[in-house]
Amino acid sequence: MIDIRILRESPEIIKEALAKRAYRIDLDAILTLDTSRRQTVHEVEQLRAEQNRASEEISKLKRAKQDAASAIAAMKTVSDRIKALEERVRETEQQLRDQCLVLPNIPHESVPVGPDESANRLERSWGDVPQFDFEVRDHVEVGQRLGILDFDCAAKISGARFTLSRGAGALLERALINFMLDVHTHQHGYTEILPPFLVSSACMQGAGQLPKFAEEAFRVEGRDLWLVPTAEVPLTNIHRDEILSAEQLPLKYTAYTPSFRSEAGSYGKDTRGMLRQHQFNKVELYKFTTPEQSWDELESLVRDAETILQRLGLAYRVMTLSTGDMGFASAKTYDLEVWLPGQGRYREISSCSNCTDFQARRANMRYRRDKKPEFMHTLNGSGLAIGRTVIAILENFQRKDGSVLIPNALQTYMGGLEIIKRG
RNA sequence: GGAGAGAUGGCCGAGUUGGUUGAAGGCGCACGCUUGGAAAGCGUGUGUACGUCUAAACCGCGUACCGCGGGUUCGAAUCCCGCUCUCUCCGCCA
């Protein structure tokens with residue numbers, strides 16, 4: 001959420017931010033609501049003060065066994081007036097909140113301005129794109145020939161955009177989860193969390209998924225519960241409505257969860273294989289920091305995610321997303337894109353964002369440095385998306401005979417398995 | 001699923017014939033005194049938000065907040081209704 005005071009005092013900052021993101025929102029309407037709210041609130045409070053004074057008088061009269069009927073009658077009208085005004089305050093505040101909740105975060109000045117992914121900026125690359133002396137297969141073909149990925153069976157069970165992993169394929173997913181969690185907890189200092197996979201609307205709103213992106217998530221019928229679209233949602237809400245002490249920050253959490261996404265509006269996009277699924281596994285990184293720490297912490301968070309790709313020996317590049325490609329809650333986002341031989345291009349495998357105080361305002365998460373509590377900054381990143389890592393391994397480490405080499409770092413997690421062969 | 005109990009400040013815990021209770025008391029915490037130093041003891045202080053004041057902030061002033069949301073009333077932590085959560089017992093279940 002945007003600080004209403006910024007909008008009130010320096011509306012040009014918000015206007016510019018919206019322009020960069022190509023959002024069209026009527027800020028003047030919001031400002032009018034804000035003014036009207038403050039006026040009405042003031043009026044109510046004046047009346048309440050009067051009511052409180054009178055109430056004290058009535059109390060005294062009653063105790064002195066004197067007649068208070070006239071004073072009570074006089075306050076009746078004040079009371080009615082307060083009720084009417086309070087109703088108006090409620091309405092105005094609701095409208096104001098509704099409108100503020102759809103305002104996106106303000107992009108950081110270092111973010112390239114542009115309409116879409118074409119304006120993203122390359123930061124660096126790592127690793128060599130592998131060369132093959134045979135015709136490469138994509139992960140669907142590799143996986144199906146090895147009998148470890150079964151899309152037909154998944155379709156039978158659940159429909160389109162699901163995958164069933166079998167044997168070494170299932171083991172590979174599990175190994176990747178364990179490997180990533182181990183690296184982040186043992187080497188990068190994150191605390192492992194296993195959160196609920198169903199969350200309330202309040203959590204979804206705190207993380208910025210609601211109200212704007214309801215159609216992209218799955219909701220449990222008849223209950224106020226949503227399937228997590230990312231572990232970011234439960235992790236954000238761990239400290240909802242809390243005031244931490246400055247010494248506790250930064251707090252670093254990592255969590256494995258499945259991620260459920262309806263992928264509404266992506267019909268016909270990435271329909272082949274397990275690139276875009278309704279359900280995929282992910283190990284997430286999440287940080288709560290002070291405003292001073294957050295930009296450095298974003299850099300280290302990206303490096304933590306990069307470590308995984310490096311340890312697996314997968315070529316990748318780091319992109320800074322442009323204002324047009326960036327997520328709603330983010331002030332700056334780096335995407336890690338892994339090389340996929342089956343597609344002959346880089347594809348997103350991790351997205352690392354500094355949401356600054358945007359989620360902290362929505363979820364009311366503060367810390368105390370001196371006297372006054374201040375909003376924290378929150379950061380999140382995939383470390384990494386497991387499904388896409390499987391794709392990358394199957395495609396990058398495939399051999400002419402259809403077998404796939406297991407990266408060294410993963411072998412101990414797979415019972416010493418060095419190679420996945422047919423049968 | 002059935003029956004019952006409960007939800008008050010960082011924590012514990014008073015307050016239910018509605019009326020100076022933001023809320024007794026205790027613990028904790030902070031500062032000061034005391035001490036060679038510490039403990040004990042003594043004293044003072046110790047929520048948040050919004051509004052207002054201010055160049056801004058502090059302070060001050062006002063308002064709200066006793067799980068959440070409504071209602072009754074001149075006035076609600078206290079009464080009524082709905083919801084959420086926690087606990088106990090029974091049933092079911094991994």
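Below, chains carry the letters A, B, ... as their sequence lines are ordered, and counting in each starts from 1.
The distance between atom CZ of Arg5(A) and atom C1' of C50(B), rounded to the nearest whole Å, is 9 Å. Rounded to an integer number of Å, the gap from Ile243(A) CD1 to C11(B) P is 12 Å. For the pair Leu47(A) CG and A64(B) P, the computed distance is 12 Å after rounding to whole Å. Counting to the nearest Å, the C1' atom of C74(B) and the CZ atom of Arg48(A) are 12 Å from each other. Taking atom CG on Asn364(A) and atom C1' on A49(B), their separation rounds to 9 Å, with Å as the unit. Atom CD in Glu43(A) sits roughly 14 Å away from atom C1' in U63(B) (whole-Å rounding). The CD-P distance, from Glu56(A) to A76(B), rounds to 14 Å in whole Å. The OH atom of Tyr367(A) sits 15 Å away from the P atom of U48(B) (whole-angstrom rounding).
Across every non-hydrogen atom of His188(A) and Lys252(A), the tightest pair is O-NZ, 2.8 Å. Heavy-atom minimum distance, Leu198(A) versus Val228(A): N-CG1, 4.4 Å. Of all the heavy atoms in Gly313(A) and Phe397(A), the pair that sits closest is O-CZ, 3.6 Å.
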Show the numbers, then the answer: is there a ring-ring contact (aromatic ring centres under 6.0 Å, His included) between His278(A) and Phe218(A)? CA-CA 9 Å; His278(A) 287 314; Phe218(A) 288 109; 5.6 Å; yes
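Nucleotides G9(B) and A23(B) place their P atoms 14 Å apart, quoted to the nearest Å. Comparing the same atom, P, in C58(B) and in G43(B) gives a spacing of 32 Å after rounding to whole Å. The separation of C74(B) from U16(B), taken at their P atoms, amounts to 24 Å, rounded to a whole angstrom. A7(B) and G15(B): their C1' atoms are spaced 15 Å apart (whole Å). If you take atom P in G37(B) and the same atom in U44(B), they sit 24 Å apart, rounded to whole Å. With P as the reference atom, C81(B) and G1(B) are 22 Å apart, rounded to whole Å. Separation of the P atoms belonging to C87(B) and C12(B) is 15 Å when rounded to the nearest angstrom. Comparing U21(B) with A77(B), their C1' atoms sit 9 Å apart, to the nearest whole Å.
Partner assigned to G47(B) is C65(B), using Watson-Crick or G-U wobble distances below 3.5 angstrom. Pairing of C27(B), defined by two Watson-Crick or G-U wobble distances under 3.5 Å, is identified with G10(B). For G60(B), the paired base is U52(B) (Watson-Crick or G-U wobble, both distances below 3.5 Å). Using the Watson-Crick or G-U wobble rule with both distances under 3.5 Å, G41(B) pairs with C33(B). Nucleotide U16(B) has no partner under the Watson-Crick or G-U criteria, as no pair reaches both atom distances under 3.5 Å. In this entry A94(B) has no Watson-Crick or G-U wobble partner, no candidate having both defining distances under 3.5 Å. Remark: C89(B) base-pairs with G2(B). Criterion, Watson-Crick or G-U wobble with two distances under 3.5 Å.
Using a 4.0 Å heavy-atom distance criterion, Ala54(A) is classed as making no nucleic acid contact. Residue Arg223(A) is classed as having no contact, given no heavy-atom separation below 4.0 Å to the nucleic acid. Using a 4.0 Å heavy-atom criterion, one finds that Ser79(A) contacts the sugar-phosphate atoms exclusively. Nucleic acid contact for Arg53(A): none, since no nucleic acid atom lies under 4.0 Å from a heavy atom of the residue. Gln46(A) comes within 4.0 angstrom of nothing in the nucleic acid, heavy atoms only. Residue Lys62(A) is in base contact, counting any heavy-atom pair closer than 4.0 Å across all strands shown.
Relative to the side chain of Met75(A), the nucleotides G71(B), C74(B), G51(B) differ in distance, and C74(B) lies closest. Candidate nucleotides C74(B), U48(B), C50(B) were compared by shortest atom distance to the side chain of Glu45(A), and C50(B) ranks first. When the nucleotides U72(B), C50(B), A49(B) are ranked by their closest atom to the side chain of Arg37(A), C50(B) comes out on top. Which of G51(B), G62(B), G19(B) sits closest to the side chain of His42(A) comes down to G51(B).
Two rings, from Phe280(A) and Phe260(A), have their centers 6.0 Å or more apart. Annotation: His239(A) is in aromatic contact with Tyr253(A) [ring centroid separation under 6.0 Å].
At least one donor-acceptor pair closer than 3.5 Å links the side chain of Ser266(A) to the backbone N or O of Glu263(A).
Taking only side-chain nitrogens and oxygens, Asn52(A) never comes nearer than 4.0 Å to OP1 or OP2 of G75(B).
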